[in-house]
Structures are given as structure tokens and as C-alpha cells.
Protein chains: 2
Amino acid sequence: MNFSAKTEYAVLALLYLTCHGQDGPVTVHKMAEELDIPYRFLEQIVSLLKRAGLVHSVRGSHGGYLLAREPRQITFGEILVLTEGPVAPWACVSGDDHFACSFEPTCAVRGVWQQVQRSIYQILNNTTLQDLCDKTKAVRHRVVTISNPVHEEPAAVAAQPIQIEEAVE
Amino acid sequence: MNFSAKTEYAVLALLYLTCHGQDGPVTVHKMAEELDIPYRFLEQIVSLLKRAGLVHSVRGSHGGYLLAREPRQITFGEILVLTEGPVAPWACVSGDDHFACSFEPTCAVRGVWQQVQRSIYQILNNTTLQDLCDKTKAVRHRVVTISNPVHEEPAAVAAQPIQIEEAVE
DNA sequence: CGCTAATCCGATCGAAATAGTAGGGATTAT
DNA sequence: ATAATCCCTACTATTTCGATCGGATTAGCG
């Protein structure tokens with residue numbers, strides 16, 4: 001069981017907008033490069049996010065994308081439902097149309113799927129982009145302070161954003 | 001996000017063996033018919049279950065399949081890992097080989113996937129076939145007693161609904 | 001032995017989903 | 001006007017899913 005690349009990319013892009021979208025719109029080109037995502041593919045995904053009302057777009061030169069809402073108002077669950085569809089480990093717990101499998105209503109398996117479904121939503125609906133951004137910074141800070149004792153200047157490291165590249169390459 | 005038909009079929013077949021495999025091996029043919037699963041497909045799945053040591057087989061005429069262990073010793077989690085692969089909503093939480101994504105170690109997203117993973121396993125590893133079988137019977141009993149007030153003859157209605165086995169056979 | 005009922009095993013196949021690729025059009029700042 | 005940008009639609013390659021097929025092996029039974 002795993003989630004698709006689409007979901008990863010959507011999350012990363014939104015997280016990028018949360019952490020780096022304070023001053024003006026961010027272009028798809030920029031995000032694609034920073035996050036190492038195929039440009040055209042990311043374009044599609046961001047377009048989806050726009051249609052869903054998670055981001056605003058600014059067209060024309062110097063355009064780009066911005067979060068449409070407060071980062072604290074956008075949950076992981078919402079993003080995931082958008083890119084993956086509803087979290088329904090099994091059709092019989094999909095909800096909207098009451099999909100009756102042959103065992104209903106005695107099927108106890110259904111109850112297990114429902115439990116799983118609820119516990120996933122419990123986590124995802126209570127995790128916002130703001131949380132993620134905060135945590136990313138906190139973790140990075142901890143890593144930095146661990147790997148950089150105080151007598152070394154932190155500014156140099158702090159100036160480097162998110163460094164996708166340097167750690168790996 | 002959903003689980004595959006393979007998983008459903010595996011669970012249903014094992015549940016069938018749990019509830020109806022007390023006296024002698026059960027054939028794939030029988031299960032396929034009872035559970036309304038394509039015979040050839042179920043054959044493959046049961047074969048997988050055998051290789052994984054969840055069931056025993058008896059070859060030749062009058063052969064079939066039996067649970068290899070106590071139903072209380074077989075968890076949902078084990079079945080699911082077998083048919084779906086490890087529950088790793090994202091590669092970076094797959095565990096065994098430490099798959100370093102480009103954001104490590106500052107990526108907070110990873111933590112969310114880990115939370116999700118843990119909560120799923122929490123449920124699935126604590127649900128056994130025995131639990132499921134018990135619950136199925138309990139629900140069926142409750143449904144019958146609810147839908148049949150005492151002053152109406154229960155026998156007539158009880159013969160009618162639900163139950164996989166008695167009605168079908 | 002030979003028939004039959006079953007498990008076993010590997011190959012294949014069509015449809016759908018996934019992960020992109022590509023081309024061009026619309027909009028706007030400069 | 002032009003360049004930068006979003007926007008939209010179609011196409012393609014690969015993988016996964018769900019299932020099917022042909023046949024080989026094993027065992028019970030008359």
C-alpha cells in the first residue's frame with residue numbers, strides 16, 4: 001500500500017509555497033527545479049490544486065502560484081483526498097453510495113476497514129501545512145545545531161533553504 | 001487509497017476456512033463458488049497463502065486446504081502484507097533499506113507517513129481471523145434478533161436473510 | 001491400471017492506472 | 001511587441017491488476 005507520486009509532488013509543492021511563498025507568487029518552473037519534479041507534470045498537479053481552490057494563480061509575466069488559504073487551514077487529508085481520491089481501503093466503506101457487498105450486513109471485515117479508515121483520517125485531518133512547515137524548520141534547526149556547534153556561524157547554514165541538493169550530491 | 005481484490009479474496013478465503021474448515025480440507029472450487037470469486041484467480045491466491053505458510057494443502061482427490069495455524073494466531077496485518085506488500089505509504093518509511101529521499105533528514109512529511117503506517121499496523125496486527133469469525137457470527141445473531149421481534153415467528157425470517165452458508169447451500 | 005478430482009505451476013492477456021511528455025493557446029508585465 | 005507565465009488537451013510508455021489458460025502432478029477408488 002502506497003501513495004502516488006502525484007500526492008508526494010502535491011504535498012511538496014504546497015509545503016514549498018507555505019515556507020517560501022510569503023513574498024510574491026512562486027513559478028512552477030522554480031518549484032520544479034527546487035523540488036526536482038518534471039516541470040510539465042508539476043504544472044498539471046498545481047493546476048489541479050488550483051481547481052480545488054488550494055492555491056491562487058497569477059497569470060502573465062511575473063506570475064506564479066500562492067496558497068489560497070492560511071497554511072493552518074489546509075490539511076494533509078484534504079490534499080490526499082484530492083490526489084488519491086477518498087481513503088476507502090475497501091469499496092464497502094466508501095460511504096457516499098452504499099455499495100453493498102454480498103456479505104452485508106454481517107460482514108465483520110467491513111468494520112476493520114472502517115477502523116483503519118478512521119484512524120488514517122484522524123491523523124491526516126489533524127496535520128496542516130503549517131505544522132509541517134514548522135516541523136521542517138525545527139528538525140532542520142536541530143540537525144544544524146547538532147552538526148554545527150555554536151562557535152560556528154549559524155547564519156551561513158540558515159541562509160541555505162531546504163537544501164535538496166547538497167546533502168545528497 | 002484502497003486495497004486490491006487479491007486482499008479481499010485472501011481475507012474472505014481464510015475467513016471461510018476459519019469458520020467452515022473444521023472437518024476436513026476445503027476445495028478451491030467450493031470456496032470460489034461460495035464466495036463468488038473467479039476460480040482460477042482464487043487458486044493463485046490460495047497458492048500464495050500456502051507458500052507463505054498460512055494454509056496447508058492436501059493433494060489429490062478429496063484434497064483441499066486447511067488453516068496451517070490457529071485462527072487466533074493469524075492476523076489481518078500478516079495477510080495484508082502478504083497480498084499488498086508492506087504498508088509503506090511512502091518509500092521513505094519502508095524501513096528495511098533506508099531509502100533516502102532528497103529531503104532527508106529535514107523532511108517532516110516522513111513523520112506523518114510513519115504515523116499513518118503505525119496506526120494502520122496497530123489495528124491490523126491486533127485483529128485475528130478468530131476475532132473476525134466471532135464477530136461475523138455475533139453480528140448475524142444480532143441482526144436476526146433485531147429484525148425479528150419476539151412475537152413474530154423468528155424461524156420464517158431467520159431462514160430468509162443474510163447468512164452466507166445456510167441460505168446458499 | 002486407469003479414471004477422476006484435486007492441487008500445483010508458469011505463461012499470457014486485456015484493461016486500467018501511473019508517470020510522465022508534448023504542443024500549443026491565453027494572459028499580462030515590461 | 002515580446003517574453004514570461006499560466007492554461008488546456010491530447011498522447012505515450014510502463015507498470016499493476018484482475019483474470020484466464022494449458023497442462024503437470026498427486027492421490028483416492030473401483
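Residue numbering restarts at 1 for every chain, and letters A, B, ... go by the order of the sequence lines. Just so it is clear, the values below take in all heavy atoms, side chains as well, and ignore hydrogens, waters and symmetry mates. Keep in mind the model is a prediction, meaning the values are calculated, not measured.
- In this structure, of dC7(D), dC8(C), dG20(C), it is dG20(C) that holds the atom nearest to the side chain of Y9(A).
- The listed nucleotides are dG22(D), dA6(C), dT9(D); the one nearest the side chain of R40(B) is dG22(D).
- Put simply, the side chain of L67(A) reaches to within 4.5 Å of the side chain of L129(A), judged on heavy atoms.
- Residues of residues 45-55 of chain B having a heavy atom closer than 4.0 Å to DNA chain C, listed by number: K50(B).
- The separation between Q44(B) atom CD and dC17(D) atom P is 13 Å, rounded to whole Å.
- Rounded to a whole Å, the NE2 atom of H29(B) is 18 Å from the C1' atom of dC8(C).
- Each of Y65(B) and A5(A) has a nearest nucleotide on DNA chain C; the 5'-most of these lies closest to Y65(B).
- The CD atom of E84(A) sits 20 Å away from the P atom of dA16(C) (whole-angstrom rounding).
- For the pair Y65(B) and S57(B), the minimum side-chain heavy-atom distance is below 4.5 Å.
- Tracing side-chain contacts under 4.5 Å through hydrophobic residues (I, L, V, M, F, W, Y), one reaches Y39(B) starting from L14(B); they form part of the same cluster.
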message: Working note: I74(B) + Q130(B), criterion side chain to side chain contact (heavy atoms under 4.5 Å, CB included); need CA distance, chi angles, decisive distance, verdict.
response: CA-CA 8 Å; I74(B) 302 178; Q130(B) 187 65 58; over 6 Å; no
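- Ring geometry, W113(B) versus F76(A): the interplanar angle exceeds 60°, so the pair is classed perpendicular (tilted spans 30 to 60°).
- Across the protein-nucleic acid pair, H56(B) atom NE2 and dT26(D) atom P stand 18 Å apart, rounded to whole Å.
- Between the CG atom of L42(A) and the C1' atom of dT5(D) there is a distance of 14 Å, given to the nearest Å.
- Along DNA chain C, the nucleotide nearest E43(A) and the nucleotide nearest V58(B) are compared for position; the residue whose nucleotide lies closer to the 5' end is V58(B).
- Using a 4.5 Å heavy-atom threshold, the side chains of I37(A) and M31(A) count as separate.
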Got a list of protein N/O to nucleotides 26-30 of chain C N/O distances below 3.5 Å?
unit_1	atom_1	unit_2	atom_2	d
dA26(C)	N3	R59(A)	NH2	3.3
dT27(C)	O4'	R59(A)	NH2	3.3
dT28(C)	O2	S61(A)	N	3.3

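- The separation between M31(A) atom CE and dT5(D) atom P is 12 Å, rounded to whole Å.
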Criterion side chain to side chain contact (heavy atoms under 4.5 Å, CB included) on V55(B) and L17(B), from CA distance to verdict: CA-CA 9 Å; V55(B) 297; L17(B) 289 180; 3.8 Å; yes
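- The separation between K6(B) atom NZ and dT15(D) atom C1' is 14 Å, rounded to whole Å.
- The shortest side-chain heavy-atom distance between L15(A) and C133(A) falls under the 4.5 Å cut-off.
- Counting heavy atoms from C-beta on, the side chains of N125(B) and E78(B) never come closer than 4.5 Å.
- Protein atom OH of Y39(B) is 14 Å distant from nucleotide atom C1' of dA19(D), rounded to whole Å.
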